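Below is one structure, written out as structure tokens; comments come after it.
In what follows, chains carry the letters A, B, and so on, assigned in the order in which the sequence lines appear, proteins first and then strands, with residues in each chain numbered from 1. Since the structure is predicted, the reported quantities are computational estimates derived from the model, not experimental observations.
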Amino acid sequence: MEYEPVIGLEVHAHLLTNAKIFCRCSTKFGAAPNSHTCPICLGMPGVLPVLNKKVVEYAVKMGLATNCRINDRSVFARKNYFYPDLPKGYQISQYAEPLAEHGRIEIETGDGKKIIGITRIHMEEDAGKLLHDERNPSSYVDLNRTGIPLIEIVSEPDMRSAEEAAAYLKRLHEILVYLEICDGNMEEGSFRCDANVSLRPKGRAAFGIRAELKNMNSFRNVQRAVEYEIERQRHVLDGGGKVIQETRLWDDGQGVTLSMRGKEEAHDYRYFPDPDLVPVEIGKDWIAEIEKTQPELPQEKRERFIREYQISSYDAGVLTASRALADYFEEAARQAGKPKIAANWIMGDILKFLNEDKRSVKDCPILPADLAALIRLIDDGTISGKMAKEIIDVMYKTGKKPGAVIEEKGMVQITDESALAKTITGIIEANPAQVEQYRSGKEKVFGFFVGQVMKATQGKANPKLINDLLKKMLSGS
Amino acid sequence: MKITKEEVEYVAHLARLEFHAGETEKFTSQLNGILLYMEMLNQIDTTGVEPMTHAIAQKNAFRDDVVGESLMNEAALANAPDGRGDFFRVPKVIE
Amino acid sequence: MELNELTIHELQKKLRAGDTSSTEIVQAVFKRIEAVEPRINAYITLMKDVALADALKADEAVKKGDIRALTGIPIALKDIFCTKGFRTTCGSRILENFIPPYDATIVEKLRQAGAIFTGKTNMDEFAMGSSTETSFFGTTKNPWDLNRIPGGSSGGSAAAVAADECIASLGSDTGGSIRQPAALCGVVGMKPTYGRVSRFGLIAFASSLDQIGPFTKDVEDCAILMNGIAGYDPKESTSIPQDVPDYRSFLSRGIDGWTVGIPKEYFIEGIDAEVSEAVQKAIKCVEGLGAKTMEISLPHTKYCLAVYYIIAPAEASSNLARYDGVKYGYRSPDGQDLLDMYKKSRSEGFGAEVKRRIMLGTYALSSGYYDAYYKKASQVRALIKRDFDDAFKTCDIILTPTTPTPAFNVGEKTGDPLQMYLSDILTISTNLAGIPGISVPCGFTKGGLPVGVQFLAGHLEEGKLLQIAAAYEKNANLEKRRPNL
């Protein structure tokens, strides 16, 4: 039978606040265990949570960027379960009344554009970390991560392939990073994804039984895990078996998903409104204020770049990969007045340098103004393209302005016609045989003369000028 | 019976409590008495009544995004029944 | 009279006049504690050394002219308030050795006002009880009759004031836990409006109902302590961001022309005849002060207990999940694995009443029962609050008995939880509605047990409560008695 995969994703993103969601501990990654804790995030008796306002603002930003309806009123609820990484015995989350709902984003698929629905976005606190001791039957609890603000973004089950799931995930990631509300680091766990995967016979409306996939810490692993799971379920169904509703962990080493069956119990989270927190009411004014701070989103930017700078869709994609890179490009393009050429230099040289050094464009030693200056120097004939390649290399290594590099190296192109004519006269006089050949119609020897001129000027002469002068003088006129 | 012995056992597990055999029966009978008393609430029509989850209706209580002092690690662990190094230690989570 | 028998305002006068010192007051209090504590058991932890050291500092401050509202006054704290560096047990084995690294906001405020702490008082475990019998640290006895309970859950705080083992004390009230023991011990006890006094550092029982308030020997002291503890706290999301009036300014205003509502549902069968008689006398007294009384109706009164015993345990089941033997508190040595450690630690660490309420609350929130119990109760709660809103459109104050009976015998109700719960029947509605209430002594039974009258007012009307309580206290002409210990 032919099956259709149905995939929905739940994404958890750490918000880039300074302090935790309900207390004043730092959110910085990598501190000594249990050193970013206080009575509140340790869940000590009698302490109370107070909501970090920035968390609401950031969550609203994501809601707006994904075309969600921002609810006038949202409420925190307690999700009750016992686990050593959850100090209060409940997680403060949102349940019946989340912050934002009914959103959508557009992704690119092999068959063109597709809309993926966003069911909801809500705010919650992260749990701590458990480290397991391999040698003795103990686990160790580090509560630094407890209380780091998260938003959970739940998609509709709108994806039909692993590629679509990956495209959706990349799009969400890109938006979060563009909004500067999440660092997007999957290895450190600041951007995490669970996937719900089921199959149904093609053409049927009802969903099949789904498995929930966890433990995928890269885009590639999400795609691989979903692909594997689709194949696994197809195999089960084809063999006449039944898929069971369960949580499965992705095993990166083996490249398979493994059942957690028997090791988890039926959940009964006993959600109820948290009496220690009051409702969040977001009026029109507040939303308008947040809207003012919204940056241009990657998709809009790409479309504008194509339109405004006449660059290819591919180039626009590369140049909008990050907000910083797009800003870099726009600044260089504006100052140089040559967007297409600026794009070529950035994509051909600057990104190559940065990638080799694993450096961010924000730390690029060549400022957009310097790149623009270089482009202008080529444009006005001061230097040749070949020289520019050499210069940009030095600029990147030293951070010097193009003018300074040119001066140091004495790399100014010879554009003085009379000086060049003098050199050419000398060469013509020294090579009468070749002159004769040229004049008798053997135009191939023209290259010989160009080479001679370049050699005599150490490559500093403007090639166009050489051509023009040589032609004129060789023809004897 | 509002609640059976099996339900009491299930609820006890959810709440991470355990009872001896005799205790479970006693709790079951006491909880039944209390739950029967609660039955009286069904006499009231609450259609359309907004549930009251706070004693005083308030909204939007926030703190600014400013980092304050955390506890020193020793203070965080001072009350721990089994603090090991920088960590709280627990019996292994069986997965 | 001994110094420990005086009120805050009397001692303040003496301190200002240089007639006594804080050290003398604290010594008198501890002398009394040493004499009667073996019979009363009002305290879980005493803080004598610190109190004496603080008294010296207070005396230094007085010499320099730095006299604040509570300078040098020995005050007892219910062991539900976190005290930095001092054991805070909440009456439970599970917190037997817990030392908080932080102070409750009210502890900070009282210290700021110059108060000296005598110790942490006994209470029902996690404030779940009406008799102080569920404490892991033994029952507190009623100073008026050592065979009887002092009420609860703040029984230790009430008994300590009644027995002059402190000058005043603080308690918490979730369903009557200040007013009921105040009535049964013959002292003044107030539960302020929800959100008026910060709950930060108050170990939670039921977060939407808990409120902190004072136990004092008279109404003026109640106003003084309210001045010390009330006010907005940015550390609590449900704290009310409103200025606090000077509560002492209400004390001598009188109640001429007021309307006092007498809810018919509170004078029902089951109210002890002697209690009823004392409260009727109080009504007459109030009328004599120029107030008009009228019968009113709070139609959903009979549902209060059922609503309370769903909402409070539901919130408690979640609030008490943090006691899991991981970060602090009791851990059973016998846990085989994590799940077993959780179950054994909690089952051994909590007493029977706490476990009963965790079970009840867990059940009320569990899948399939949420709507029938928690949601239904929250809806009826809204109707109960509406009753009060309507009532306060027609009257200034509501007057009721505080408790249906005087103090009962130790052990009398421990076998039947529902009977025990019924002793809160007249105080619970206040917490559900979030309004303030005060219990003031209104006489004695023939057997010499104190009886209390309760006044209730609308949100943030603590001033009005103190106004009527002070007027009543001044004109009631009650016989001055002290427990015979």
Side-chain angles (χ1 to χ4, degrees), chain A residues 22-24 34 37-53 75-92 95-96 128 130 132 137-143 146 263-280, chain C residues 80-82 88 90 94-95 98 100-102 104-105 126 198-204 206-210 233-239 311 314-315 317-329 336-339 341-343 346 361-370 374-375 378:
Chain A
F22 297 120
C23 68
R24 293 175 63 189
N34 295 302
T37 60
C38 72
I40 296 173
C41 57
L42 287 171
M44 283 192 168
V47 299
L48 296 168
V50 180
L51 177 60
N52 183 337
K53 192 173 185 185
V75 169
F76 283 96
R78 294 185 183 178
K79 178 180 182 178
N80 295 285
Y81 65 97
F82 287 86
Y83 207 65
D85 65 6
L86 191 67
K88 298 188 296 298
Y90 58 85
Q91 181 195 26
I92 303 178
Y95 185 60
L130 275 190
H132 303 291
S138 296
S139 300
Y140 295 85
V141 189
D142 174 7
L143 298 175
T146 308
K263 291 160 191 166
E264 54 165 356
E265 54 181 308
H267 293 297
D268 188 343
Y269 289 127
R270 292 158 281 135
Y271 282 101
F272 74 106
D274 192 327
D276 286 331
L277 288 158
V278 296
V280 176
Chain C
I80 198 167
F81 305 119
C82 289
T88 301
C90 219
I94 215 158
L95 287 177
F98 176 64
Y102 49 96
T105 295
F126 284 100
S198 172
R199 292 186 293 121
F200 188 88
L202 161 72
I203 298 182
S207 310
S208 81
L209 303 163
D210 295 341
D233 181 7
K235 286 189 202 162
E236 184 200 330
S237 302
T238 50
S239 182
I311 291 174
E315 292 182 8
S317 70
S318 174
N319 284 333
L320 271 60
R322 67 190 63 201
Y323 308 105
D324 60 2
V326 176
K327 296 108 15 206
Y328 47 78
Q336 298 301 307
D337 56 40
L338 182 75
L339 182 65
M341 185 280 276
Y342 278 155
K343 288 188 174 178
R346 289 168 60 78
T362 304
Y363 178 74
L365 290 173
S366 67
S367 175
Y369 296 104
Y370 179 90
Y374 181 80
K375 189 182 170 203
S378 300

Within a strict 4.5 Å, meaning less than it, do heavy atoms of the [X] and [Y] side chains meet?
{"X": "S237(C)", "Y": "F22(A)", "answer": "no"}
{"X": "M44(A)", "Y": "C82(C)", "answer": "no"}
{"X": "Y102(C)", "Y": "I40(A)", "answer": "no"}
{"X": "T88(C)", "Y": "P45(A)", "answer": "no"}

Can you tell me which portion of [X] sits under 4.5 Å from chain A's heavy atoms? Options are side chain, backbone, both or neither.
{"X": "Y369(C)", "value": "neither"}
{"X": "P100(C)", "value": "neither"}
{"X": "Y328(C)", "value": "side chain"}
{"X": "T362(C)", "value": "both"}
{"X": "Y323(C)", "value": "side chain"}
{"X": "N319(C)", "value": "both"}
{"X": "L209(C)", "value": "neither"}
{"X": "A104(C)", "value": "neither"}
{"X": "K235(C)", "value": "backbone"}

Test your reading of the model: is there a side-chain donor-acceptor pair from D268(A) to the backbone of S367(C), 3.5 Å cut-off?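 Indeed, once roles are kept as given, a pair shorter than 3.5 Å links the two residues.
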Give, as side chain, backbone, both or neither, the part of [X] having an atom under 4.5 angstrom from any heavy atom of chain C.
{"X": "L277(A)", "value": "both"}
{"X": "P84(A)", "value": "both"}
{"X": "D276(A)", "value": "both"}

To the nearest 0.5 Å, how far apart are CG in L338(C) and OH in Y83(A)? 7.5 Å
What is the distance from atom CG of L48(A) to atom OG of S239(C), rounded to the nearest 0.5 Å?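 Those atoms lie 10.0 Å apart.
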The test is side chain to side chain donor-acceptor pair (under 3.5 Å); show your working for R270(A) and Y370(C) and say whether it passes. CA-CA 8 Å; R270(A) 292 158 281 135; Y370(C) 179 90; over 6 Å; no
Kindly give the heavy-atom pair with the smallest separation between [X] and [Y], and that separation in Å.
{"X": "E315(C)", "Y": "R78(A)", "result": "O-NH1, 4.1 Å"}
{"X": "P87(A)", "Y": "K327(C)", "result": "O-NZ, 2.6 Å"}
{"X": "P275(A)", "Y": "R199(C)", "result": "O-NH2, 4.3 Å"}

Who wins among A321(C), S198(C), C90(C), A204(C) for the most heavy-atom pairs under 4.5 Å with chain A?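 Heavy-atom pair counts peak at A321(C).
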Best-contacting candidate, S318(C), G329(C), S366(C), against chain A by heavy atom pairs under 4.5 angstrom: S318(C)
Which one, Y81(A), F272(A), Y269(A), leads in non-hydrogen pairs under 4.5 Å with chain C?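 Ranked by contacts with chain C, first place is F272(A).
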Per-residue tally against chain C (heavy atom, under 4.5 Å) across L42(A), L51(A), V47(A) peaks at V47(A)
Should we count NZ of K375(C) as having more than 12 external heavy atoms under 6.0 Å?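 No.
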